[in-house]
Student: 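Sharing a structure, written as structure tokens. Questions coming.
In what follows, chains are A, B, ... by sequence order, proteins preceding strands, each numbered from 1.
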Amino acid sequence: MPEWEDKRLWQRLKEDSEAREDFLAKYQTFIRHVANKACFNSLKWGRDDELSEALIAFNEAIDLFVTDKGVPFLAYARVLIKRRLIDYYRRHHLRQAAVSLDQEDIGRGINISLGIDEFREQEQDRERAEEIQQFSKELASFKLTFQNLVEVSPKHRDSRETLLRAAQELAFDSELWPEVERSGRVPMQALAMKTQIHPKVLERGRKYILAVALLIANQHDYVYLREYVLTQETGAKG
Amino acid sequence: MKAVVLEKSGSRYTVLGQDGTFRQVHRRLNAEVGEEVQIQSWIERFSGVRIWAGAVALFLLVLTTILGWSLYQAPTAVALLSVDINPSLQVELDKQGNFVRFVTQNEDAKRMLSQIDLKGKPIKEVLDEIITQAYDQKFLSAEQHWVVVGYSPLTNKTLVQMPKELNENQIITWVTEIGQKRGLTPKVAFFFLTSQDRGLAQKGDLTIGEYALWRTADKAGVVTQPEKLKDTSERVRLLENPQVQVEIKAQQKERQANSRSYDGDMYQQSDNVKDSSDTKANAKDVINVKASESIKTNAKDIPKTKGTTTTKANTNAQNVDKQKVKDQELYQKKDSTKAKDSGGKETQRTRYDTIYVPTHDTSRTYKFPEYNRDKQQRH
């Protein structure tokens, strides 16, 4: 179970300032990643005010988040961070060129204190669509399409679980995944050694493993999509 | 199962399912990319109501197939009925007493019934058609008013299976009524044969009515050749022979004695010979003959049976001997005349004479000749 679905943990985050500090520290990478994407720039802690704005938005997200709404916390936090940054740019007329994907939102009059109830399906669909668009581009860089994935997607449950496990091992491996990103190839021998799955099985599911590993490894980009390929145990891990 | 729409292409969505599979599904709702939709995996698709609906559909399919097959199956013949007027024919009946098919037909019967479809018709209508056609085509008249009816079950069980109304009296009544509608008072000779006797009749290429009449005459001591029974005049001669009628009465008594042991009405019969003038009953002009089931069916046993019945008819022994001599002389004359007419060619009858050895004083074996019924000329 992802930690944001654990009610007791969430309650502790809201009441215990120390636990909140730890949580904020843990998700600094996520906050920076979202801010970077929104600003089209590489931001640094202690140097760029945008990161402070993003951190404030993330902290607000903790206060406003309600666990039983069926919304992933990170997705909600991501939206809040983006809106906060847009508002920040509007107020300071800074870096117009850096106004990002949410530029169209400027005209709507953004309410940065977006409540969880307002974070409705339409908003989620839009977020998902953005993830899908990004996923499609990433697949294309590996010369893959959704149609390819439909063709190679394992039909049998056992095969699927085996390949999902291999994809998770690949995505979470600190040596193998950087190699994939660098070379654009799945290191089959090393993965077979690590997972103890027969190389033929891995080879048959190569495209599927790569696509799933992309979703799992880029945890900050695919908040929604990775939930479809992660088991609950690994979800908590990610 | 939840799935997110990844791509829209034509009438299909590419989705990522909750189980981690990429698949294509038909577009039903107008969902956009990024929207979550509900899809059904094959397990869900065939669960619950669908399984029950499928089971019911399968059951109905099997039921329909079985019913259709049983209806499609050709009706099974359970009894054989022969009618000899001339024309002569044998038909098979199913357990409802409906016509199944012709077993044998002589040339006259073929001509007479060539335009008539009797398939599936009840026995009453079949008899009506046969009698009416025979009357219309002058086969049945005031001069030739004998109708020989033979009846035999095709298995031992079929007597029980046959409808109750399809018994001897009923058939006789029908034939009589049909004749009376045409202003005739037909005399019906009804013969009942067991399945074993029927086999002997078939072996001799006789209808079951002809075979039963021949055997009855033989028991009465009236010597004749089996194949002559195909001749209408020969049948009439036998049926009107006093010795034959005595034998018929004797057999009738024996049959009645046996029939008392049966519960069914099939064997409850009236007197087997009645004068057409002494009663108003439908069956009054009937000579009603049944070969008892107790009669030995093997052809080898015929002489023994004959010996017994001849003993019963000892009171008329002298008359019987005289009749035999007269019959032999008469047939020899007829044969010689036919041989002359045919320019010295061997006729059917003369050929049979070489096979048939009418020795009545010792144990005899009747051998039926191989005979093509269709080639037989009726008189």
Student: When you look at A/F58 and A/F73, which way does the ring-ring contact (aromatic ring centres under 6.0 Å, His included) test go after all the steps?
Tutor: CA-CA 10 Å; A/F58 191 85; A/F73 168 72; 5.2 Å; yes
Student: Going from CG on B/L200 to CG on B/L206, what distance comes out if it is rounded to the nearest 0.5 angstrom?
Tutor: 10.5 Å
Student: Report which part of A/L215 has an atom under 4.5 Å of a heavy atom belonging to chain B: side chain, backbone, both, or neither.
Tutor: side chain
Student: Please list, chain by chain and in numerical order, all residues satisfying side-chain hydrogen bond (donor to acceptor under 3.5 Å, both in side chains) with B/N98, sequence neighbours excluded.
Tutor: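 If we apply the side-chain hydrogen bond (donor to acceptor under 3.5 Å, both in side chains) test to B/N98, skipping adjacent residues, there are no hits.
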Student: Just say parallel, tilted or perpendicular for the rings of B/F22 and A/F135, cut-offs at 30° and 60°.
Tutor: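 Because their plane-to-plane angle is under 30°, the rings of B/F22 and A/F135 count as parallel.
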Student: So, using side-chain hydrogen bond (donor to acceptor under 3.5 Å, both in side chains) as the criterion, who are the partners of B/Q202 when residues are at least two apart?
Tutor: none
Student: Taking ring pair (Phe, Tyr, Trp, His ring centres under 6.0 Å) as the test, write out the residues that go with A/F142, two or more places apart.
Tutor: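 Here no residue qualifies.
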Student: If I measure from the heavy atoms of chain A, does B/V15 come under 4.5 Å with its side chain, its backbone, both, or neither?
Tutor: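 Neither part, no heavy atoms under 4.5 Å.
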Student: Is there a donor-acceptor pair closer than 3.5 Å between any side-chain N or O of B/R198 and the backbone N or O of B/L193?
Tutor: no
Student: Go through chain B and chain A and list any donor-acceptor pairs closer than 3.5 Å, backbone and side chains both.
Tutor:
from	atom 1	to	atom 2	distance (Å)
B/D19	O	A/R160	NE	3.1
B/G20	N	A/Y228	O	3.2
B/G20	O	A/Y208	OH	2.2
B/F22	N	A/S153	OG	2.9
B/F22	O	A/S153	OG	3.4
B/Q24	NE2	A/Q147	OE1	3.0
B/G34	O	A/R128	NH1	2.9
B/E36	OE2	A/Y228	OH	2.3

